[in-house]
Amino acid sequence: MKILVLNAGSSSLKYRLFKDLKELVSGQIEHIGEDSGVKNHYEALLQVEKELTFRGQMSFKELDAIGHRVVHGGEKFTEPVKINDNVIEAIKEVSSLAPLHNPANLQGILMMRKLLPNIPQVVVFDTAFHQTMEPEAYLYAIPYELYEKYGIRRYGFHGTSHAFVAKKASKLLNKPLKNLNLITIHLGNGASVCAIKEGKSIETSMGFTPLEGLVMGTRSGDTDPEIPLFLQKVGLNADTVLNKQSGLKGICGQNDMREVEKLALKGDEKAKLAIKIFVHRIKKYIGAYSALLGRVDAVIFTAGIGEHSLLIRSLVCDGLEPMGMILEQERNKKNETFISTDNSMVKLMVIPTNEELEIAHQTEMALRDD
Ligand code: ADP
């Protein structure tokens with residue numbers, strides 16, 4: 001089966017083509033709508049088709065299905081769905097919850113439908129995996145009516161990634177997912193942790209928006225909820241400060257962990273501090289989620305930083321030995337899949353994520369169930 005996975009952002013369009021779940025080609029069109037000659041998402045898709053043909057692959061008409069990433073599915077979507085007019089309406093309805101992402105994702109869907117009306121298309125939501133959370137995990141202690149009226153609750157994001165690495169872990173540990181309790185730590189530009197009990201997400205660090213939780217490249221993660229109000233009072237734009245000027249960048253001026261590590265190695269005090277804050281926050285969540293899970297079978301590191309930074313993994317695991325999480329430094333240095341000692345009660349693992357492959361897989365499943 002040939003599946004094209006699309007991730008449409010406001011000014012970019014990423015694509016990856018799979019045949020029988022093997023990746024054939026990938027790429028991205030950037031600067032859509034800017035002075036780039038690619039005026040809109042429709043033109044961007046035409047460009048994708050050119051690239052697919054040019055690189056010796058195939059034309060759009062040969063595709064069997066298209067899988068779209070959509071950031072926010074609200075409470076409506078707990079699994080991938082085949083696109084129809086009702087689904088499009090429902091995505092529009094939850095757009096107010098993700099005003100930067102959903103309208104762009106939707107553009108990709110609408111344009112692809114226009115271009116290829118007869119090829120089945122499926123949407124996979126970043127929020128869907130977390131819809132198994134219980135109310136005590138997803139509700140904030142604010143007036144209940146605000147949840148009912150505006151949908152203010154924890155949704156969680158990166159669901160496709162947490163689900164993907166959890167499934168991989170189940171294979172690697174040779175245990176059914178429904179018998180596993182996991183803490184999955186996704187550390188990319190955005191970062192989040194998920195507590196997975198018996199294969200289901202029971203808690204995650206991102207909340208109503210992707211701002212909550214861990215320290216990220218430019219996002220603050222958890223702060224005192226009064227801080228945005230205070231920032232507004234002193235004339236700053238809280239949204240800009242907390243989403244774009246905070247996180248690693250806010251502390252040391254760099255949002256890319258590779259650069260932060262380089263600076264820290266040279267002795268830069270702010271970079272060292274940024275790493276300390278980043279690590280401290282992750283540890284807090286490992287502790288909290290261990291308490292929620294009771295028994296933890298494995299802690300999994302994934303995404304750019306989780307997959308590649310020996311330093312961050314080593315600092316995160318330092319001191320967790322009494323919790324049965326014992327890092328083996330040599331394995332960590334070699335980026336092995338299992339980086340814990342043989343006698344570590346909790347397995348420590350590095351599993352590369354692949355959200356696009358998971359979307360292709362889920363697209364296939366959604367069409368099979370049809
Ligand atoms: P995105 O969330 O954009 O998909 P990625 O998962 O690619 O991001 O992660 C990007 C982050 O991973 C950046 O902070 C980058 O510096 C970091 N990263 C990638 N490789 C390394 C490495 N070898 N050491 C430390 N950090 C790394």
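Every number for a ligand or one of its atoms is a count from 1 in the order of the listing.
- Among protein heavy atoms, the minimum distance from atom 5 (P) of ligand 1 is reached at G304 N, 3.7 Å.
- Taking the ring axis of Y147 as reference, the NZ or CZ atom of R153 does not stay both within 45° of it and closer than 6.0 Å to the ring centre.
- Between E261 and ligand 1, no N or O atom pair is found at a separation short of 3.5 Å.
- The shortest N or O to N or O distance between M257 and ligand 1 is below 3.5 Å.
- Summary of contacts: the protein heavy atom closest to atom 3 (O) of ligand 1 is N189 ND2, 2.8 Å.
- Ring-plane geometry between F125 and F77 is classed as parallel, the angle between the planes falling under 30 degrees on a 0 to 90 degree scale with a further cut at 60.
- No hydrogens or angles considered: nothing links the side chains of E356 and S26 as a donor-acceptor pair under 3.5 Å.
- Rounding to the nearest 0.5 Å gives a distance of 6.0 Å between OG of S192 and NE2 of H130.
- Residue-to-ligand polar distances place I305 within reach of ligand 1: an N/O pair is separated by less than 3.5 Å.
- Shown in contact with A303 at under 4.0 Å from a heavy atom are these atoms of ligand 1, numbered in order with element: 6 (O).
- Both the sub-6.0 Å distance and the 45° axial angle are not jointly satisfied by R281 relative to the ring of Y285.
- Under the 30°/60° scheme for interplanar angles, the aromatic rings of H72 and Y155 are found to stand perpendicular.
- The shortest N or O to N or O distance between H186 and ligand 1 is not under 3.5 Å.
- Checked by atom type, the side-chain pair T240/Q245 shows no donor-acceptor distance below 3.5 Å.
- D256 OD1, 2.4 Å is the protein heavy atom nearest to atom 16 (O) of ligand 1.
- Listed by number with element, the atoms of ligand 1 under 4.0 Å from a non-hydrogen atom of G188 are 2 (O), 5 (P), 6 (O), 8 (O), 9 (O).
- Of the protein's non-hydrogen atoms, the one nearest atom 24 (N) of ligand 1 is R258 CG, 3.8 Å.
- Closest heavy-atom approach to atom 22 (C) of ligand 1 among the candidates R313, K14, H308, M216: H308.
- With hydrogens and angles left out, the side-chain atoms of T204 and H158 include no donor and acceptor closer than 3.5 Å.
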